[in-house]
**Q** 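Structure incoming, see below.
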Amino acid sequence: YRLRFSVQSNIHGIMRAGAKGATQFAGPEVIYERNIPFDTQRRDMEVYFQSGLTDQAVTQFTNSVSEPQYWIDNVDIRRVAVQAIVPTQEHLLYANELANPQTFMLPAGCWADLNGTLLSSPVTVQPFSSMVVYHVTGSGCGVTQSGSVGAKFFLGGPMNWGTGLMRADLRTVSLIPTTEPYTAMEIVLENAGATVSSALLQTTGPQAIVDWVVLELRNNDAGYTVAGRRAALLRANGDVIASDGSAVVPFSVSTTGKYLVVRHRNHLSAMATTPIASNGQTINMTLGTTAMYGSTPVQVIGSERALWPGEVVGEGTVRYTGSSNDRDPLLALVNANVPTNTVQAYSNSDVNLDGWVKYVGSGNDRDFILTTVGGSVPTATRAVQLP
């Protein structure tokens with residue numbers, strides 16, 4: 001089984017994460033348990049364990065009352081197929097302790113750096129530096145960059161319409177995960193597991209990182225079929241960059257002639273209707289001159305355009321009331337019995353991306369959902385405009 005979760009605190013401490021079977025509820029036994037240290041930096045954890053039990057199980061997070069408090073989210077546990085590997089054959093560390101660059105020959109097979117970039121032998125390590133590489137197997141092996149595309153767009157949740165910039169509050173409170181969050185949402189990416197460097201997260205001002213996003217290519221065919229997806233990073237000024245900081249996002253397929261879709265975990269996606277004309281072209285969806293697919297696909301205030309916020313549930317439609325509405329998860333997270341509560345978390349329920357889930361009061365997330373569906377008619381809905 002694979003257990004994934006994220007943990008963060010305002011102090012150093014240790015919590016115990018694991019799983020317990022239904023037949024074990026009355027006793028101290030557990031299927032699996034592991035001590036997990038935490039601190040003020042968000043940690044995205046992934047652990048694996050085996051179990052011979054066949055009864056229902058639940059995840060379990062415990063600590064002593066005298067230990068520090070912590071916050072967890074993105075909990076996911078599921079059955080997976082695995083096979084044993086030898087770590088020393090799958091991950092290598094090359095260190096250069098000299099004052100000149102050094103080259104190292106890679107073993108046979110496909111190898112990539114920690115940004116997911118496939119490498120060719122030999123690799124060069126700069127003076128007094130090191131490099132970690134890992135063995136790539138399966139469909140990712142041998143994939144090379146074929147094309148690239150740039151993008152610019154705004155998110156309506158964190159958008160400051162007066163300044164023409166988005167707030168980067170998630171970066172300020174250290175909630176942006178260092179690893180892309182979309183694979184955990186079962187979105188298939190070319191660069192699954194992509195990471196962001198601490199240097200990029202330290203950037204402030206218009207270039208500050210707002211959040212992870214996804215760029216998607218659609219084929220120019222009758223069904224607009226998906227050609228590829230890549231996790232990327234969105235700056236406060238709307239510029240999209242690759243996870244390594246590059247100004248354009250690389251793809252393993254040609255981008256020319258394809259349509260660009262931009263996605264975010266709690267905003268409605270949108271697609272430009274003009275095909276990408278050339279490799280490396282930037283599609284600017286903030287401009288009114290950029291044609292978009294569908295009816296009112298983006299939010300427009302003045303001369304600015306942004307993706308509609310409020311897709312908390314992730315079904316492609318923003319709903320304020322009714323079945324599978326996007327408002328109830330907010331209330332459940334803050335505690336339905338005390339709607340004035342607030343929770344600090346990297347969560348889809350944080351619609352305005354300020355790092356806090358708020359149901360009522362100033363800057364609450366519920367109002368954004370209501371605005372998206374129309375404001376005056378809460379039973380209205382707004383559906384994503386994609387083919």
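The structure displayed is predicted, hence computed values, not measured ones. Side chains are part of it too, since the values below use all heavy atoms of this structure and drop only hydrogens, waters and symmetry mates.
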**Q** Would you say T172's side chain and A168's backbone share a donor-acceptor pair under 3.5 angstrom?
**A**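 Checking the backbone N and O of A168 against the side chain of T172, a donor-acceptor pair under 3.5 Å is found.
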**Q** Can you check whether I31 reaches L53 side chain to side chain, under 4.5 Å on heavy atoms?
**A** yes
**Q** At their closest point, which heavy atom of P275 faces which heavy atom of Q281, and how far apart are they?
**A**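 Scanning both residues, the minimum pair turns out to be O-OE1, 4.5 Å.
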**Q** Do the side chains of L234 and M166 get nearer than 4.5 Å, heavy atoms only?
**A**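 The answer is yes; the side chains approach within 4.5 Å.
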**Q** If we ignore angles and hydrogens, is there a donor and acceptor under 3.5 Å between the side chains of E46 and Y48?
**A** yes
**Q** Are L215 and Y293 connected into the same hydrophobic cluster when the rule is that any two of I, L, V, M, F, W, Y join if their side-chain heavy atoms are below 4.5 Å apart?
**A** no
**Q** Taking A22's backbone N and O only, do any of them form a donor-acceptor pair with D55's side chain (distance below 3.5 Å, no angle check)?
**A**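 Pair found, side chain donor or acceptor close to backbone of A22.
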**Q** Report yes or no: does N96 contribute a side-chain atom to a donor-acceptor pair with the main-chain N or O of Q126 at less than 3.5 Å?
**A** yes
**Q** CG/D76 to CG/L3 distance, rounded to the nearest 0.5 angstrom?
**A** 8.0 Å
**Q** Report the residue from V210, L165, N352, D354 that forms a side chain to side chain contact (heavy atoms under 4.5 Å, CB included) with P158.
**A**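 Only one option passes, and that is V210.
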**Q** Any chance the side chains of S6 and D44 put a donor and an acceptor closer than 3.5 Å?
**A** yes
**Q** How would you list all residue pairs meeting salt bridge (Lys or Arg N to Asp or Glu O under 4.0 Å) that involve residues 322-351, not counting sequence neighbours?
**A** none
**Q** Within a strict 4.5 Å, meaning less than it, do heavy atoms of the M15 and F38 side chains meet?
**A** yes
**Q** Within the side chain of R265, is there an N or O that forms a donor-acceptor pair under 3.5 Å with the backbone of W212?
**A**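 Checking the backbone N and O of W212 against the side chain of R265, no donor-acceptor pair under 3.5 Å is found.
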**Q** Say you draw a straight line from CZ of F154 to NE2 of H267; how long is it, rounded to the nearest 0.5 Å?
**A**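 Nearest 0.5 Å value for the CZ-NE2 distance: 12.5 Å.
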**Q** If I take atom CD from residue E311 and atom OG1 from residue T317, how far apart are they, to the nearest 0.5 angstrom?
**A**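 Between E311 CD and T317 OG1, I get 7.5 Å after rounding to 0.5 Å.
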**Q** Got a donor-acceptor contact below 3.5 angstrom from the T372 side chain to the P309 backbone?
**A** yes
**Q** Hey, mind stepping through I187 and R229 against side-chain contact (heavy atoms from CB on, under 4.5 Å) and telling me if it holds?
**A** CA-CA 9 Å; I187 296 176; R229 297 190 187 98; 3.9 Å; yes
**Q** Nearest 0.5 angstrom please: D39 CG to S9 OG, how far?
**A** 8.0 Å
**Q** Yes or no on side-chain contact (heavy atoms from CB on, under 4.5 Å) for H264 and V214, after CA distance, side-chain angles and deciding distance?
**A** CA-CA 6 Å; H264 182 260; V214 171; over 6 Å; no
**Q** Determine whether L287 and I283 fall in the same hydrophobic cluster, where Ile, Leu, Val, Met, Phe, Trp and Tyr are linked whenever their side-chain heavy atoms lie under 4.5 Å apart.
**A**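 Different clusters: L287 never reaches I283 through Ile, Leu, Val, Met, Phe, Trp or Tyr contacts under 4.5 Å.
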**Q** Between V313 and V357, is there a shared hydrophobic cluster once you connect ILVMFWY residues whose side-chain heavy atoms come closer than 4.5 Å?
**A** no
**Q** Would T225 and R218 count as having a side-chain donor-acceptor pair, cut-off 3.5 Å?
**A**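 Distance-only check fails for T225 and R218.
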**Q** Strictly under 6.0 Å, is that where the ring centroids of W111 and H135 end up?
**A** yes
**Q** Which distance, rounded to the nearest 0.5 Å, do you find between the CG of L170 and the CG of D211?
**A** 5.5 Å
**Q** Find out if a path of hydrophobic residues (ILVMFWY) with successive side-chain heavy-atom gaps under 4.5 Å connects V7 to V75.
**A**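 Linked within one cluster.
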**Q** What's the shortest heavy-atom distance between S148 and P250, and which atoms?
**A**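 Smallest heavy-atom distance, with atoms named: CB-CA, 4.0 Å.
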**Q** Quick one: does Q102's side chain have a donor or acceptor within less than 3.5 Å of a partner on N100's backbone?
**A** yes
**Q** With rounding to the nearest 0.5 angstrom, report the CZ to OH distance, R366 to Y359.
**A**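 The distance works out to 5.0 Å.
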**Q** Heavy-atom distance under 4.5 Å between the side chains of R235 and I241, does that happen here?
**A** yes
**Q** Do you know which of L268, N325, L370 makes side chain to side chain contact (heavy atoms under 4.5 Å, CB included) with V318?
**A** L268
**Q** Applying ring pair (Phe, Tyr, Trp, His ring centres under 6.0 Å) to Y224 and Y259, what does each step give before you reach the verdict?
**A** CA-CA 8 Å; Y224 295 96; Y259 298 98; 5.4 Å; yes
**Q** Check L333 against S347 and note the closest heavy-atom contact, atom names and distance.
**A** CD2-OG, 3.7 Å
**Q** Could you tell me if S269 and R263 have a donor-acceptor pair between their side chains, going purely by distance under 3.5 Å?
**A**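 Yes.
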**Q** Do Y1 and V30 share a hydrophobic cluster (ILVMFWY, side-chain heavy atoms under 4.5 Å, transitive)?
**A** no
**Q** Which heavy atom in A270 sits nearest to a heavy atom in L307, and how many Å separate them?
**A**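 Minimum heavy-atom contact is CB-CD2, 3.6 Å.
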**Q** For residues T256 and N279, is any side-chain donor paired with an opposing acceptor at under 3.5 Å?
**A** no
**Q** Apply the test side-chain hydrogen bond (donor to acceptor under 3.5 Å, both in side chains) to residues R16 and N35: give CA-CA distance (whole Å), side-chain angles for both, the deciding distance (0.1 Å), then the verdict.
**A** CA-CA 4 Å; R16 291 177 295 282; N35 286 338; 4.6 Å; no
**Q** Would you say V261 and L386 make side-chain contact, with heavy atoms under 4.5 Å?
**A**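 In short, these two side chains touch, coming nearer than 4.5 Å.
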**Q** Taking T371 for its side chain and D367 for its backbone only, find out whether a donor-acceptor pair lies under 3.5 Å.
**A** yes
**Q** Any sub-3.5 Å donor-acceptor pair from D239's side-chain atoms to K152's backbone N or O?
**A**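 Pair absent, no side-chain N/O of D239 close to backbone of K152.
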**Q** For I301, does its backbone N or O pair with a side-chain atom of E304 as donor and acceptor, under 3.5 Å?
**A**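 No: the side chain of E304 does not pair with the backbone of I301.
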**Q** Yes or no on side-chain contact (heavy atoms from CB on, under 4.5 Å) for M131 and V123, after CA distance, side-chain angles and deciding distance?
**A** CA-CA 9 Å; M131 173 186 288; V123 295; 4.2 Å; yes
**Q** Hey, are the side chains of P107 and L92 touching, using non-hydrogen atoms and a 4.5 Å cut-off?
**A** yes
**Q** Shortest non-hydrogen contact from V298 to A306?
**A**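 The answer is CB-O, 3.3 Å.
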**Q** Assert yes or no for the condition that the ring centre distance of F5 to F61 is strictly below 6.0 Å.
**A**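 So the answer is yes for these two rings.
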**Q** Heavy-atom distance under 4.5 Å between the side chains of P177 and Y346, does that happen here?
**A** yes
**Q** Checking R305 side chain against M285 main chain: does a donor-acceptor pair fall under 3.5 Å?
**A** yes
**Q** I would like to know whether E216 and K258 meet salt bridge (Lys or Arg N to Asp or Glu O under 4.0 Å); could you show each step before the answer?
**A** CA-CA 10 Å; E216 178 179 286; K258 295 180 174 60; over 6 Å; no
**Q** Would you check if D113 and V132 make a side-chain contact, meaning some heavy-atom pair closer than 4.5 Å?
**A**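 No, too far: nothing below the 4.5 Å cut-off.
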**Q** Taking all non-hydrogen atoms of both residues, which atom of P28 and which atom of K20 are closest, and how far apart?
**A** C-NZ, 3.7 Å
**Q** Step by step, work out the side-chain contact (heavy atoms from CB on, under 4.5 Å) result for N237 and Q207.
**A** CA-CA 6 Å; N237 62 4; Q207 304 255 325; 3.9 Å; yes
**Q** Does R34 CZ have over 12 foreign heavy atoms under 6.0 Å away?
**A**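 No, CZ of R34 has 12 or fewer neighbouring heavy atoms, counting only those of other groups under 6.0 Å.
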**Q** Return the set of residues passing salt bridge (charged side-chain N to carboxylate O under 4.0 Å, His left out) with D169 (not counting sequence neighbours), or none when no residue passes.
**A** R167
